[in-house]
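In what follows, a structure is listed as C-alpha cells, so that the remarks can point back to it.
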Amino acid sequence: MADDIRNGEILDTEASESASNFIFDFVNEDIESGKVNKDAITTRFPPEPNGYLHIGHAKALCIDFLTAQKFNGRCNLRYDDTNPIKENVEYAESMQEDIKWLGFNWDGMYYASDYFDTMYECAVRLIKNNLAYVCDLSADEIREYRGTLTEPGKESPYRNRSVEENLDLLARMKAGEFAEGTRVLRAKIDMASPNINMRDPVVYRIMRVEHYRIGSKWCIYPMYDFAHPIEDMIENVTHSLCSLEYEDHRPLYDWVVNNCGLPARPRQIEFARLNLSYTMMSKRKLLQLVNEAIVAGWDDPRMPTLSGLRRRGYTPAAVRDFCERIGVAKTNSMVDYALLEHCVREDLNAGAPRMMAVLRPLKVIIDNYPEGQVEWFDVENNPENPDMGTRKVPFSREIFIEQDDFMENPPNKYFRLYPGNEVRLKNTYFIKCNEVVKDGAGNIIELHCSYDPASKGGNSPDGRKVKGTLHWVSAAHAINADIRLYDHLFTESDPGAAEDLHSIINPDSLEVLTGCKLEPNLALTKPGDHYQFLRMGYFCTDKDSTPDRLVFNRTVGLKDSWVKEVKKG
RNA sequence: UGGGAUGUAGCCAAGCCGGUAAGGCACAGGACUUUGACUCCUGCAUCUCGCUGGUUCGAGUCCAGCCAUCCCAGCCA
C-alpha cells in the first residue's frame, strides 16, 4: 500500500473482530475447498465516475474493503469507466477524496479504460471460437428480436456470419468505418434463454464520444456485462461483490469468465444495496436535485452524498459504524434514518467539545449584578472526556438565553425560566425572573432577573435545588453567527417511490438563523470543526464560514424528551 | 409453471449440522443528572419466525404446496 494514498485519519477498524456475514462464509468456503488461495483474496470497489459517492456507496465500500481486510487480502479502487457520455474527471476525483475520507486505502487504482486492448483481444477470441458476431440490426430491431419476459427471442439474421467476416467487421468498427448505432458485437449464447441477459447480449457498441481520460482513442466501447468480468480477471479479483440487481447477470458473468480465454476465475456475490428512509440513492434523481438547484450542489448538507454528509458534520467513524450496524444480507430493506443519527450522536458525544451558543436570543438583564463586572468561569470542554480540559467563559450583567427557555405562562412540567421561577445558568449562578419587558406589539423584548451571589458555581449553600439549567452567552462578549438547521429533504419516508420529486420536497428542509450569539471561544473555529452546542445539538463549521462571518450547520439535534412531553399535551 | 431472489418484532438483523427466538435502532417506564443530553436499570416476538400441511419425541431451522414483495425485456452501470 503506497503511503501517499493513506490519509491516516482513521480508524480502529478491526474487521477481523466484526461479526461474520454470508459473504465471509462464501469466501471461507472457497478457501476451504481449495478454489482460491487463502493469501490471495482480492476484492474491488468499482464505481462509474458518473456522480458523487453516497451513503449507499459507503456500505459497498465497507463490504469490499472489510472483506479484503478480514482475509488479509487486497481491495482495488477501479473506475468502471466504459460509458464516456456519463463520466467526467470531477466525479472521478471526488470519489478518491470521499474514499480516503472514510478511511479506506486502496491497494491498486485502476481504470477499465486501461483494459480496452485486452477486452478487444477477448472479443476477437470469442469471434474465433464462434461465440460472438457482429449484428447489423438496429437497436429497435434488437429489442424486438429479444422477445419478452414470457416469450423466447428470435435469432438475428446476422448470427451465422463467418468468423472471417466477423473479424473483419469488428476491426472496421474499431477503425471507425461505421456510424454510431449501425452495428454492435454480440455474444452468441441463447436467444431462447429464460434469462434475458443471455439472449445474445451486446458486447461492444460504437460511440463517437470523447472519453474523459483516454480521449478519442476508441470509438467502440465494451458493455458492462462483458467488461466487468474481464476487469476482475485482469486484477485477479477473487470475489466480485455487487448488488442484488446483478444476480440475473451472474450466468453471463460466468460465461465471460469461462469463454474469454483468461485464466482467473472470480466469483460474483450479490448483496442488498442500502435504502435509507427519507432520502434516496438514485444517482439520476440526485443529479436532478443538483441540476434543478433544489439543493445547492452535490455537497449540500441535505444530500445523502458523502460530501454532503461530511459538510453536514457526519464523521467517517459514524458512517462506518452505521454500515457495520446495518449488516450485510440479501433482503431488500429500508433502514431507519434514526439509526444513522444515533451513530453520529454517539461518536460526537464522545469527541466533540461543548460550547454555548444561543440560536434564538432573548436578552436577560441581571439587575443586581454589578455593572461593568466580568467574571471568567472555568467550563469543562466535554464531561464525557475530562482529558479535553476546560476553557474560560465570560459572564456579565447582560446575557442572552434561548427564547424557548422562557415562557410567561408555562405548561405543566416546564422547569425553565418563567416569572418568579429560579433556574441555574450553566456553571455560574441561580437567577430568578422578576420582570418581563414587551414592545408595543406584545413581543417579549427582554427579561429582568436577579441573581444569587451565594450560588456561584451553580449550587446554593443552603441546599436549594433548581430543576432547570440553561445555557447562556454574555451579551458584551458574544460573537454573531449564521446557523443552518436541516430537516429531511423529502416529506415521504420512501421518496424513491414517488413519481414526481417536486411534490414531495420538504419546503422546510433548510432554516437559516442569523444573529445567533456564540461564546467568544468559537471565534477561532475552522471549517470542518465539530461541536456540541450545549442543549442544542451537534454542529459543524461550514466551508462558507470566515472569521468575519461564522457559519455553522446543525449535524443533528440532541435527543429531546421535552418536545415529546409537549406533544403529548 | 418466463427467469432470478427474498420473506424472523415499528426498522435493521443473528439464528451453522433440527432441541425449545442474539444484538442494535425506535418506543415506553424508572434511576441519575450543573446539557429535559449522556449513562444506568426495566419492558418490548411466549396460539412466535409469510401461510398451510408433512416428517420428527421435538422445526424458525428438513420436505411439499401456496401467498406476498423485489429485480430482469439499455447499443446504462
Side-chain angles (χ1 to χ4, degrees), chain A residues 19-21 25 46-48 50 80-83 85-86 135 137-140 142-144 146-153 180-186 193-199 201-207 220-221 223-225 227-228 242-251 270 272 277 283-284 322 324-343 345-346 349-350 354 356 379-380 383-384 413-416 423-428 430 457-459 466-471 493 532-537 557-565:
Chain A
S20 190
N21 62 50
D25 293 343
E48 181 184 21
N50 66 346
D80 211 355
D81 53 355
T82 58
N83 183 3
I85 65 174
K86 296 164 73 178
C135 183
L137 256 22
S138 70
D140 285 345
I142 285 180
R143 188 184 322 118
E144 285 164 24
R146 187 153 35 225
T148 69
L149 294 177
T150 52
E151 299 163 305
E180 243 179 65
T182 55
R183 278 177 236 262
V184 293
L185 182 72
R186 293 227 257 166
S193 173
N195 181 346
I196 288 183
N197 294 302
M198 300 298 270
R199 319 239 263 228
V202 172
V203 155
Y204 263 104
R205 77 282 213 184
I206 299 169
M207 296 180 92
I220 59 173
Y221 291 91
M223 297 287 289
Y224 168 87
D225 284 312
H228 208 86
C242 62
S243 47
L244 247 30
E245 63 265 34
Y246 292 102
E247 278 179 319
D248 287 342
H249 297 246
R250 194 182 338 129
E270 311 85 10
S277 59
K283 273 208 196 144
R284 197 190 98 246
F322 171 76
E324 187 176 319
R325 287 172 186 249
I326 59 178
V328 181
K330 299 192 67 150
T331 316
N332 280 307
S333 59
M334 174 74 72
V335 176
D336 191 338
Y337 198 89
L339 180 60
L340 217 207
E341 295 186 324
H342 169 81
C343 292
R345 285 196 189 103
E346 189 171 86
N349 179 49
R354 262 111 253 227
M356 290 198 285
V379 178
E380 60 196 344
E384 305 290 321
K413 296 188 192 169
Y414 184 85
F415 48 75
R416 277 114 94 148
V423 297
R424 170 167 41 230
L425 293 177
K426 175 76 178 174
N427 288 96
T428 57
F430 287 2
N459 281 306
V466 292
K467 199 82 165 83
T469 300
L470 312 186
H471 62 282
S493 65
Q532 183 197 100
F533 288 171
L534 224 59
R535 303 206 302 138
M536 301 310 288
L558 258 25
K559 286 182 72 174
D560 188 345
S561 55
W562 171 240
V563 298
K564 287 175 191 163
E565 194 67 39

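Just so it is clear: chains get the letters A, B, ... in the order the sequence lines come, proteins before strands, and each one is counted from 1.
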For this session: Could you tell me whether A/Tyr337 and A/Phe322 have their ring centroids closer than 6.0 angstrom?
Result: no

Can you tell me if [X] touches the phosphate of [N], counting only side-chain N or O atoms and a distance under 4.0 Å to OP1 or OP2?
X: A/Arg535; N: B/U33; answer: no
X: A/Lys559; N: B/U35; answer: no
X: A/Ser138; N: B/C75; answer: no
X: A/Arg143; N: B/G74; answer: yes
X: A/Thr150; N: B/G3; answer: no
X: A/His471; N: B/U35; answer: no
X: A/Arg146; N: B/G74; answer: yes

Could you give the distance separating [M] and [N] at their [atom1] atoms, to the nearest angstrom?
N: B/A21; M: B/U46; atom1: C1'; answer: 10 Å
N: B/U69; M: B/C25; atom1: C1'; answer: 24 Å
N: B/C11; M: B/C44; atom1: C1'; answer: 14 Å
N: B/C75; M: B/A14; atom1: C1'; answer: 44 Å
N: B/C16; M: B/U8; atom1: P; answer: 16 Å
N: B/U52; M: B/C57; atom1: C1'; answer: 23 Å
N: B/C17; M: B/G60; atom1: C1'; answer: 16 Å

Exercise. Given that both pair distances must be under 3.5 Å and the pair must be Watson-Crick or G-U, what runs of three or more consecutive pairs involve RNA chain B?
Worked result: B:2-7 with B:67-72, B:10-12 with B:23-25, B:27-31 with B:39-43, B:50-54 with B:62-66

Exercise. Which label fits B/G74, syn or anti, where anti is any glycosidic angle not within 90° of 0?
Worked result: syn

Please pick, from [options], the nucleotide with the shortest atom-to-atom distance to any side-chain atom of [X].
X: A/Lys467; options: B/U35, B/A77, B/U33; result: B/U33
X: A/His342; options: B/C38, B/C76, B/C25; result: B/C25
X: A/Glu247; options: B/G36, B/A5, B/G2; result: B/A5
X: A/Glu245; options: B/G36, B/C71, B/A73; result: B/C71
X: A/Asn197; options: B/C72, B/U35, B/G36; result: B/C72
X: A/Ser561; options: B/C76, B/A37, B/G2; result: B/A37

[X] [atom1] to [N] [atom2], straight-line distance once rounded to whole Å:
X: A/Glu565; N: B/A37; atom1: CD; atom2: C1'; value: 16 Å
X: A/Glu384; N: B/C40; atom1: CD; atom2: C1'; value: 13 Å
X: A/Phe322; N: B/G24; atom1: CZ; atom2: P; value: 17 Å
X: A/Leu149; N: B/C70; atom1: CG; atom2: C1'; value: 14 Å
X: A/Ile206; N: B/C75; atom1: CD1; atom2: P; value: 14 Å

Applying a 4.0 Å non-hydrogen cut-off, can you work out what [X] is touching in the nucleic acid: base, sugar-phosphate, or nothing?
X: A/Phe533; value: nothing
X: A/Arg186; value: nothing
X: A/Phe415; value: base
X: A/Asn427; value: base
X: A/Lys86; value: base
X: A/Pro47; value: nothing
X: A/Asp225; value: nothing
X: A/Leu137; value: base
X: A/Arg345; value: nothing
X: A/Tyr221; value: nothing
X: A/Met223; value: sugar-phosphate

Exercise. Is it true that a side-chain atom of A/Thr148 and a backbone atom of A/Glu151 form a donor plus acceptor pair closer than 3.5 Å?
Worked result: yes

Is the base of [N] touched by the side chain of [X] through a donor-acceptor pair closer than 3.5 angstrom?
X: A/Asp248; N: B/G3; value: yes
X: A/Gln532; N: B/U35; value: yes
X: A/Arg250; N: B/G4; value: no

Exercise. Tell me, which pairs form a salt bridge (charged side-chain N to carboxylate O under 4.0 Å, His left out) where one or both residues lie in residues 327-338 of chain A, sequence neighbours left out?
Worked result: A/Glu247-A/Lys330, A/Glu270-A/Lys330

Exercise. Is the A/His249 ring parallel, tilted or perpendicular to the A/Tyr224 ring (thresholds 30°, 60°)?
Worked result: perpendicular

Problem set entry | Partner residues of A/His228 under the side-chain hydrogen bond (donor to acceptor under 3.5 Å, both in side chains) criterion, sequence neighbours left out | A/Arg44, A/Arg78, A/Asp80

Seminar exercise, completed: CZ of A/Arg354 to CE of A/Met536, rounded to nearest 0.5 Å, is 15.0 Å

Problem set entry | side-chain contact (heavy atoms from CB on, under 4.5 Å) assessment of A/Leu470 paired with A/Arg535 | CA-CA 8 Å; A/Leu470 312 186; A/Arg535 303 206 302 138; 3.6 Å; yes

Problem set entry | Side-chain heavy atoms of A/Met223 within contact of A/Val203, under 4.5 Å | no

Exercise. Among all residues two or more places apart in sequence or in another chain, which pass the side-chain contact (heavy atoms from CB on, under 4.5 Å) test with A/Pro194?
Worked result: none

All salt bridge (Lys or Arg N to Asp or Glu O under 4.0 Å) counterparts of [X], not counting sequence neighbours:
X: A/Arg186; result: none
X: A/Arg146; result: none
X: A/Glu245; result: A/Arg273
X: A/Arg424; result: none

For this session: Return the stacking result for B/G36 and A/Trp562: yes when the ring centres lie under 5.5 Å apart and the planes under 30°, no otherwise.
Result: yes

Seminar exercise, completed: Letter by letter from the 5' end, nucleotides 7-17 of chain B scores (B base, S sugar-phosphate only, - none; protein heavy atoms under 4.0 Å) S---SSSS---

For this session: Kindly determine whether A/Ile220 and A/Met207 satisfy side-chain contact (heavy atoms from CB on, under 4.5 Å), including the steps that lead there.
Result: CA-CA 6 Å; A/Ile220 59 173; A/Met207 296 180 92; over 6 Å; no

